[in-house]
Q: 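The following block contains the structure, expressed as structure tokens.
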Amino acid sequence: MPLSSLPETLDVPAGHYILSDHLGGRQAVEAFSLDTFPVTVERYRTFVDAGGYEDWELWEDEGWHWLQTEQITGPRLWDAHNPDVDGMFTKVQATLLAEFVLPHKPVIGVSWYEADAFCRFFGKKLPTEVQWEAAARGPEGLTYPWGNQWEATGIGAWGNRSGGKRVTAAVDQFPEARGPLGHFDLVGNIWQWTSAPWNPKDPEGKAAARGGSWGSSASECTNAARNGFDRHAQWTHVGFRTVTP
């Protein structure tokens, strides 16, 4: 199914959703629209080409300081170039670098600051953890976007957790793993930034990410799993999707 034939966003209706205990369990959620797919390399390139890395008004002060200090001009691995030595990934990715930046792959190597600036450019926001999980669980409170049993094939047989290819999948590669409201790639391809802090007592510290990735174990690819990353980190297993206010 071509990406162009699907809407850019899908509505998540208002209602009561069964969420993780960390988020307060069952609660009322207002209606919102969430990207059908994670932000792709192709879509992110419009932000880069429009000068998004040169417009300070799009960036938080801390993000702009980081951008200028580190001389960041794009996501990590952008254009298949690895700017540093990363013992966790370089050896295993080696010849796969170009595959991370194919147009319909999710953009990765993008920090929270970069994701936030992208959102500001397009008049979007990063989802809260409540919004992300409501979309993933649906009204029935599912364990995985597609149901309550882990899929041993498809997304479940991709990446490091199965000994497979250690690289992202195209955002439409596993249509069987769509969420209850139609969203693709909620789990198993990339961790996805949210607007929430990893530790509520440290709101300026690490940001929370959801969904697990190609390099995660199956236990991290659930609707309840969460992770926390430094806001300036440009990991090759972290990307994002946006919410329409």
Q: Under the 3.5 angstrom rule, does the side chain of Arg166 hit a backbone N or O of Trp214 as a donor-acceptor pair?
A: no
Q: Pick from Tyr113, Trp193, Phe118: which one makes a ring-ring contact (aromatic ring centres under 6.0 Å, His included) with Phe240?
A: Phe118
Q: Could you give the distance from CD (Glu70) to CD (Gln234), rounded to the nearest 0.5 Å?
A: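 It is 9.0 Å, given to the nearest 0.5 Å.
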Q: To the closest 0.5 Å, what do you measure between CD1 (Ile18) and CZ (Arg137)?
A: 8.0 Å
Q: Evaluate the side-chain contact (heavy atoms from CB on, under 4.5 Å) criterion for residues Val110 and Val238: first the C-alpha distance (whole Å), next the side-chain angles of each, then the deciding distance (0.1 Å), finally the verdict.
A: CA-CA 7 Å; Val110 57; Val238 182; 5.9 Å; no
Q: Without swapping roles, check the side chain of Ser213 against the backbone of Gly215 for a donor-acceptor pair under 3.5 Å.
A: yes
Q: So Leu34 and Pro127, do their side chains get closer than 4.5 Å, heavy atoms only?
A: yes
Q: Using only atom types and a distance under 3.5 Å, with no angle test, would you say the side chain of Arg241 pairs donor to acceptor with the backbone of Thr36?
A: yes
Q: Please step through side-chain contact (heavy atoms from CB on, under 4.5 Å) for the pair Leu126 and Thr194, ending with a clear verdict.
A: CA-CA 5 Å; Leu126 289 172; Thr194 73; 5.7 Å; no
Q: Please report, to 0.1 Å, the donor-acceptor pairs under 3.5 Å made by any side chain of residues 138-150, with sequence neighbours excluded.
A:
{"residue": "Thr143", "atom": "OG1", "partner": "Asn148", "partner atom": "OD1", "Å": "3.1"}
{"residue": "Trp146", "atom": "NE1", "partner": "Gln149", "partner atom": "O", "Å": "2.9"}
{"residue": "Asn148", "atom": "OD1", "partner": "Thr143", "partner atom": "N", "Å": "2.9"}

Q: Any chance the rings of Phe184 and Phe174 have centres within less than 6.0 Å?
A: no
Q: Please check if the side chain of Thr128 supplies one atom and the backbone of Gln131 the other of a donor-acceptor pair under 3.5 Å.
A: yes
Q: Counting only N and O atoms by type, is there a donor-acceptor contact under 3.5 Å from the side chain of Trp158 to the main-chain atoms of Val167?
A: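 At least one qualifying donor-acceptor pair exists.
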Q: Working to the nearest 0.5 angstrom, can you tell me the gap between Leu19 CG and Glu129 CD?
A: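 Interatomic distance, Leu19 CG to Glu129 CD, rounded to 0.5 Å: 10.5 Å.
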Q: So Val29 and Val12, side-chain contact (heavy atoms from CB on, under 4.5 Å) or not? Walk me through it.
A: CA-CA 9 Å; Val29 177; Val12 178; 5.6 Å; no
Q: Would you call Val243 and Trp132 a side-chain contact if the rule is heavy atoms closer than 4.5 Å?
A: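 Not in contact.
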Q: Could you verify whether a donor N or O on one side chain and an acceptor N or O on the other, from Thr242 and Lys125, lie under 3.5 Å apart?
A: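 Result is no, nothing qualifies.
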Q: Sequence neighbours excluded and cut-off under 3.5 Å, please list the side-chain donor-acceptor pairs for residues 54-61, or say none.
A:
{"residue": "Asp55", "atom": "OD1", "partner": "Glu57", "partner atom": "N", "Å": "3.1"}
{"residue": "Trp59", "atom": "NE1", "partner": "Gly52", "partner atom": "O", "Å": "2.9"}

Q: Side chains of Glu133 and Tyr17: donor-acceptor distance under 3.5 Å anywhere?
A: no
Q: Give every residue pair that meets the salt bridge (Lys or Arg N to Asp or Glu O under 4.0 Å) criterion with at least one member in residues 181-208, sequence neighbours excluded.
A: none
Q: Just by modelled atom types, is the Trp191 backbone N or O under 3.5 Å from a matching donor or acceptor in the Arg210 side chain?
A: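 Flag not set: sc Arg210 to bb Trp191 has no pair under 3.5 Å.
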Q: Kindly indicate whether the side chain of Ile72, heavy atoms from C-beta on, has any atom under 4.5 Å from the side chain of Trp66.
A: yes
Q: Please check if the number of heavy atoms outside Gln68 that lie under 6.0 Å from its CD is greater than 12.
A: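 Yes, CD of Gln68 has more than 12 neighbouring heavy atoms, counting only those of other groups under 6.0 Å.
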